[in-house]
Amino acid sequence: MEYNFREIEQKWQKKWVENKTYKTTEDASKKKFYVLNMFPYPSGAGLHVGHPLGYIASDIYARAKRLQGYNVLNPMGYDAYGLPAEQYAIQTGQHPEVTTVANINRYREQLDKIGFCFDWDREVRTCDPAYYHWTQWAFQKMFASYFDNKLQKAQPIEQLIQHFEKEGSKDIDVAQTEDLCFTAEEWKSWDEKKKSDVLMNYRIAFMGETMVNWCAGLGTVLANDEVVDGVSVRGGYPVEQKKMRQWCLRVSAYAQRLLDGLDTIQWSDSIKETQKNWIGRSEGTEVEFKIADSDESFTIFTTRADTMFGVTFMVLAPESELVDKVTTAEQKSAVEEYVKYVKGRTERERMIDHKVTGVFTGSYAINPFTGEKNPIWVSEYVLAGYGTGAIMAVPAHDSRDYAFAKHFNLPIIPLIEGADVSEESYDAKEGIVTNSPRKDVTPYIDFSLNGMTVKEAIAATKVYVKEHGLGRVKVNYRLRDAIFSRQRYWGEPFPVYYKNGVPTMIPEECLPIELPEVEKFLPTETGEPPLGNATVWAWDEKNRKIVENTKIDNKTVFPIELYTMPGFAGSSAYYLRYMDPHNDKALLSKEAAEYWQSVDLYVGGTEHATGHLIYSRFWNKFLFDLGVSVKEEPFQKLINQGMIQGRSNFVYRIKDTNTFVSFDKKDGYDVTPIHVDVNIVSADILDVEAFKQWRPEYNDAQFVLNDEGKYVCGWAVEKMSKSMFNVVNPDMIVEKFGADTLRLYEMFLGPVEQSKPWDTNGIDGCHRFLKKLWNFFVKDEGVQVSDEPATKEERKALHTLIKKVTQDIEQFSYNTSVAAFMVCLNEMTKIGSKSREVKETMAVLITPFCPHLAEELWQLLGHNTSVCDAKWPEFNDDFLKEDSVKMMVAFNGKARFPMEFPAGVSAADAEKAALANPQSEKWMEGFQVVKVIVVPGKMINVVLKK
RNA sequence: GCGCUUGUGGCGAAAUUGGUAGACGCGCUAGACUUAGGAUCUAGUACUUCACGGUGUGCAGGUUCGAGUCCUGUCAGGCGCACCA
């Protein structure tokens with residue numbers, strides 16, 4: 001019997017569906033294990049061979065855990081909302097839902113061919129109302145919450161309202177957009193609109209007037225992680241800063257918890273570091289500076305409180321509200337002109353060239369330590385969005401201040417012993433402080449930092465600032481609130497209507513609010529978002545339902561929000577929904593949450609490090625505060641699979657001809673390299689006839705072949721993409737070699753976490769291995785098996801394999817597992833093993849990797865249950881013990897020859913025997929033995945001296 | 001500039017965590033069986049040397065009886081952050 005993988009794979013895929021082999025239920029008698037892949041966005045291009053890499057790795061893990069007796073949850077779904085479907089809709093008029101569903105079906109078809117153990121009964125789609133019901137619900141909960149800084153926890157907004165009614169904004173320590181001050185009387189005197197505006201300052205989901213990344217090309221705002229180098233990640237359109245009213249999530253409130261949580265989870269250092277950078281915690285001091293000849297003052301933030309005595313000027317961000325207050329009449333026009341200039345510069349321009357620009361405001365600030373008057377400048381190098389938007393400049397110890405001081409000829413005062421600041425600033429936070437204070441400026445101050453290290457000086461200054469009421473210790477974060485609305489159609493609608501300008505939540509019982517139909521997916525003629533095209537999009541408050549826009553009277557029928565939610569809304573809590581996907585009463589039941597807890601193993605790419613993986617951690621922490629999620633961190637262990645790059649092939653056309661020259665003959669010709677479809681190239685040899693058929697313009701192509709009469713192509717590693725013609729489709733590989741070979745080969749390619757180019761050429765080795773494995777089990781007449789127990793030799797090979805594979809699966813080191821299988825099979829074939837013990841064990845061990853083949857073999861061995869329900873073999877160390885032990889005899893660390901000893905030989909005996917060995921004499925000639933080191937089972941090292 | 005990470009044959013990569021470097025696969029070489037081979041099997045394959053041997057894990061040092069592995073410095077590639085005070 002031949003290894004007929006097509007038949008075997010089809011047969012078992014069908015059986016798995018019929019028998020619901022992978023259906024998962026909450027089973028309290030078993031320990032749970034939750035494996036999850038980042039769900040895909042179903043793009044129109046379908047899956048390429050790189051996509052399943054992570055799915056295969058996690059599938060292997062999931063299957064192994066199941067064999068080890070765990071109740072494994074391994075679900076799959078689709079991140080179905082997204083820009084490409086909408087862009088496509090705009091171009092073609094095709095409803096995004098239609099294309100999305102078509103893409104999903106194609107994905108499913110491709111996934112099914114690879115033999116995953118997904119429980120498809122639990123599939124979720126973010127665009128399904130039954131799913132986004134709970135996205136809308138979570139948003140409403142965030143709207144109804146504020147963040148208590150003391151408790152570090154979300155609280156119902158009613159509590160805060162009660163506080164306002166009693167004491168106004170006094171004594172609150174909460175996450176807020178700005179520091180508002182009002183009394184209880186003031187609060188009570190305000191109308192609904194004003195109260196609503198004030199509460200927005202505190203809500204976790206709030207509407208705020210903020211600087212947003214406006215992308216005119218896409219007609220929408222974007223989150224920070226959707227913008228790279230001043231252009232949009234999707235489409236690469238320029239992005240500008242614009243002030244707009246938008247829905248936001250107060251992610252920044254959770255900054256400290258997001259940071260602390262990183263210590264409790266098993267993620268790679270690099271991704272933790274990326275998140276730490278993104279959160280950007282910096283501990284510093286806020287110091288208040290009074291403005292000379294004025295009652296006004298302003299606060300600056302600094303991490304270098306030790307440099308208070310070296311301040312020679314102050315700088316405000318051009319966008320700062322202080323600029324107007326501070327500017328004197330004489331400087332007014334100059335400042336205005338400068339602010340105008342800065343506004344005209346795009347984010348991208350500011351990012352690329354760090355020009356030294358700025359203007360003097362005419363005012364001075366008084367250094368609270370020295371009483372010195374320092375000029376206040378305005379410059380674009382100070383950012384409005386970080387700290388207080390104002391800084392104290394210490395040119396001697398900050399390179400940016402230094403550049404500014406040099407440019408505008410401002411004084412530079414060094415504060416660290418031995419620091420030479422004639423050419424550049426001394427930024428390092430080390431050294432001994434001097435000039436603090438300078439006796440010529442402040443002869444009487446009772447405070448000195450001189451002689452301290454920088455670190456001591458920072459600490460001392462903090463104490464001084466606090467005691468003298470000059471400021472306070474402050475922690476700043478770079479992490480900004482997430483802008484949560486998009487001016488797009490294809491996204492979750494907000495369950496919000498506007499009651500006389502006040503954003504009001506549609507009652508929870510009326511959710512979900514379904515995405516309305518529109519004629520056109522573009523913004524309306526009046527510039528409103530696409531939902532403005534919907535004709536049935538108004539909220540009837542009395543009848544609690546959506547009605548036609550024409551009925552809007554702003555008494556009982558009100559307009560509904562036209563914005564939709566961004567892509568990350570639906571992906572931020574989907575892992576919870578898998579635990580209880582059909583629940584229509586809640587996001588998930590208490591029981592499901594208690595049973596499944598959180599994702600034990602999460603597999604996905606690093607590209608989500610600052611997007612999805614921050615948002616979902618935030619979202620989960622919020623739900624944890626509500627008591628919905630039972631674990632503070634959603635993903636306990638994270639594995640980042642590498643990217644599979646494409647290996648492109650090139651043909652070389654001689655310029656101005658239709659003649660193509662082989663790679664090894666191309667020197668001497670003036671050629672243009674042209675990408676050629678890798679699917680008509682095999683081992684870099686072009687299929688010339690297929691090439692002629694590939695495109696009409698190549699029908700009559702001529703070729704300069706090499707000496708062997710072949711056309712050799714050039715190659716390069718590039719991103720796998722359609723335009724490079726280097727996309728390798730998994731379906732084709734499955735068709736040619738089978739899913740089990742594909743699975744095995746993807747793992748064999750190298751460590752899961754490493755990026756590597758796809759190379760179909762190596763796949764033969766894995767395919768051969770499976771054929772050999774098949775032949776080992778099945779000879780012409782049928783399965784060869786004897787019920788005699790395995791021999792000592794067989795057990796040794798077998799248990800070496802069990803040990804290796806069991807370890808490797810925990811460590812995601814699948815490439816070495818495959819190698820171990822190959823070695824073991826060779827051994828067994830050599831022995832000619834027929835033992836049932838050997839064959840059954842090997843069938844179970846290969847199950848996670850090649851489930852179809854394993855099922856078939858299991859059946860051939862006479863079982864009528866699925867191999868998925870078999871038991872993972874127990875490793876027994878006794879079988880690995882040897883009668884004799886081999887040790888290398890080394891001289892001065894250099895190994896020379898092996899020696900065999902009886903097992904358990906003593907170090908002294910081994911040493912004696914080694915020295916007495918005739919072979920040793922040659923190496924010891926002319927030397928003296930200094931000492932002998934015996935490493936049991938490994939090495940006997942003889943240290944020699946002349 | 002700061003942070004993380006990776007450097008091992010012609011290629012993808014291993015190395016029990018400090019103990020025979022290059023497992024396993026691809027490729028290549030030779031042979032066998034074949035009408036044929038892009039099928040299968042067998043043997044070989046880091047470099048160098050006729051050989052004994054010598055040299056080899058980006059580079060330069062160090063610790064150690066012994067270093068791919070640990071330490072210091074340095075170079076190169078990849079990723080992240082970046083006028084963050």
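Chain identifiers are assigned alphabetically (A, B, ...) following the order of the sequence lines, protein sequences preceding nucleic acid strands; residue numbering begins at 1 within each chain.
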For the ring pair A/F812 and A/Y814, is the centre-to-centre distance below 6.0 Å?
->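 Here the rings of A/Y814 and A/F812 have centres that are less than 6.0 Å from each other.
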
Between A/F769 and A/F748, does the ring centroid distance fall short of 6.0 Å?
-> no

Partner residues of A/E380 under the side chain to side chain contact (heavy atoms under 4.5 Å, CB included) criterion, sequence neighbours left out |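 Residues passing side chain to side chain contact (heavy atoms under 4.5 Å, CB included) with A/E380: A/P318, A/Y338, A/Y341, A/V342, A/R345, A/R350, A/T357.
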
Contacts of type side chain to side chain contact (heavy atoms under 4.5 Å, CB included), residue A/V717, not counting sequence neighbours | A/Q645, A/W715, A/P757

What is the distance, to the nearest angstrom, from the [atom1] atom on [X] to the [atom2] atom on [N]?
X: A/K756; N: B/G78; atom1: NZ; atom2: C1'; value: 15 Å
X: A/Y426; N: B/G1; atom1: OH; atom2: C1'; value: 16 Å
X: A/R896; N: B/G66; atom1: CZ; atom2: P; value: 14 Å
X: A/F927; N: B/C65; atom1: CZ; atom2: C1'; value: 14 Å
X: A/E746; N: B/G12; atom1: CD; atom2: C1'; value: 14 Å
X: A/R480; N: B/C81; atom1: CZ; atom2: C1'; value: 14 Å
X: A/I271; N: B/U6; atom1: CD1; atom2: C1'; value: 16 Å
X: A/E424; N: B/G1; atom1: CD; atom2: P; value: 11 Å

Note: [X]-[Y] ion pair, threshold 4.0 Å (strictly below):
X: A/K796; Y: A/E827; answer: no
X: A/K881; Y: A/D878; answer: yes
X: A/R6; Y: A/E735; answer: yes
X: A/K804; Y: A/D808; answer: yes

Would you sort out whether A/Y745 and A/F737 count as a ring pair (Phe, Tyr, Trp, His ring centres under 6.0 Å), showing the intermediate values?
-> CA-CA 10 Å; A/Y745 183 55; A/F737 298 99; 8.6 Å; no

Take atom [atom1] in [N] and the same atom in [M], then report the distance between them in whole Å.
N: B/C4; M: B/U49; atom1: C1'; answer: 45 Å
N: B/G18; M: B/G66; atom1: C1'; answer: 8 Å
N: B/G56; M: B/G9; atom1: P; answer: 14 Å
N: B/G68; M: B/G22; atom1: P; answer: 12 Å
N: B/C11; M: B/G31; atom1: P; answer: 27 Å
N: B/C81; M: B/A15; atom1: P; answer: 31 Å
N: B/A36; M: B/A21; atom1: P; answer: 45 Å
N: B/A46; M: B/A23; atom1: C1'; answer: 14 Å

Consecutive-pair stems (3 or more, Watson-Crick or G-U, under 3.5 Å) for RNA chain B =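 As far as RNA chain B goes, consecutive pairing (with distances under 3.5 Å) yields the stems B:1-7 with B:75-81, B:10-12 with B:24-26, B:27-32 with B:40-45, B:46-48 with B:53-55, B:58-62 with B:70-74.
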
Are any of A/K931's side-chain N or O atoms less than 4.0 Å away from OP1 or OP2 of B/C65?
-> yes

Residue-phosphate contact under 4.0 Å: A/R647 side-chain N/O, B/G12 OP1/OP2 = no

Side chain to side chain donor-acceptor pair (under 3.5 Å) with A/T312: which residues, sequence neighbours excluded?
-> none

Map A/S755 and A/K771 onto RNA chain B by nearest heavy atom, then report which one ends up closer to the 5' terminus.
-> A/S755

Of A/Y386 and A/W278, whose closest RNA chain B nucleotide lies nearer the 5' terminus?
->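 Comparing both residues, the 5'-ward one is A/W278.
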
Quick one: which residue pairs count as a side-chain hydrogen bond (donor to acceptor under 3.5 Å, both in side chains) with a foot in residues 929-939 of chain A, not counting sequence neighbours?
-> none

For A/L749, answer base if it contacts any base atom (sugar-phosphate contacts may also be present), sugar-phosphate if it contacts only those atoms, and nothing otherwise; contact means non-hydrogen atoms under 4.0 Å.
-> sugar-phosphate

Contact class for A/V942 vs. all strands (heavy atom < 4.0 Å): base, sugar-phosphate, or nothing?
-> nothing

Starting at the 5' end of nucleotides 14-34 of chain B, put B wherever the base has a protein heavy atom under 4.0 Å, S where only the sugar-phosphate does, and a dash everywhere else.
-> S----BB--BBSS--------

When you check the glycosidic angle of B/G53, does it come out syn, meaning within 90° of 0, or anti?
-> anti

Does B/U17 sit syn or anti, given that only angles within 90° of 0 count as syn?
->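 Here B/U17 takes the syn form, which means its glycosidic angle is within 90° of 0.
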
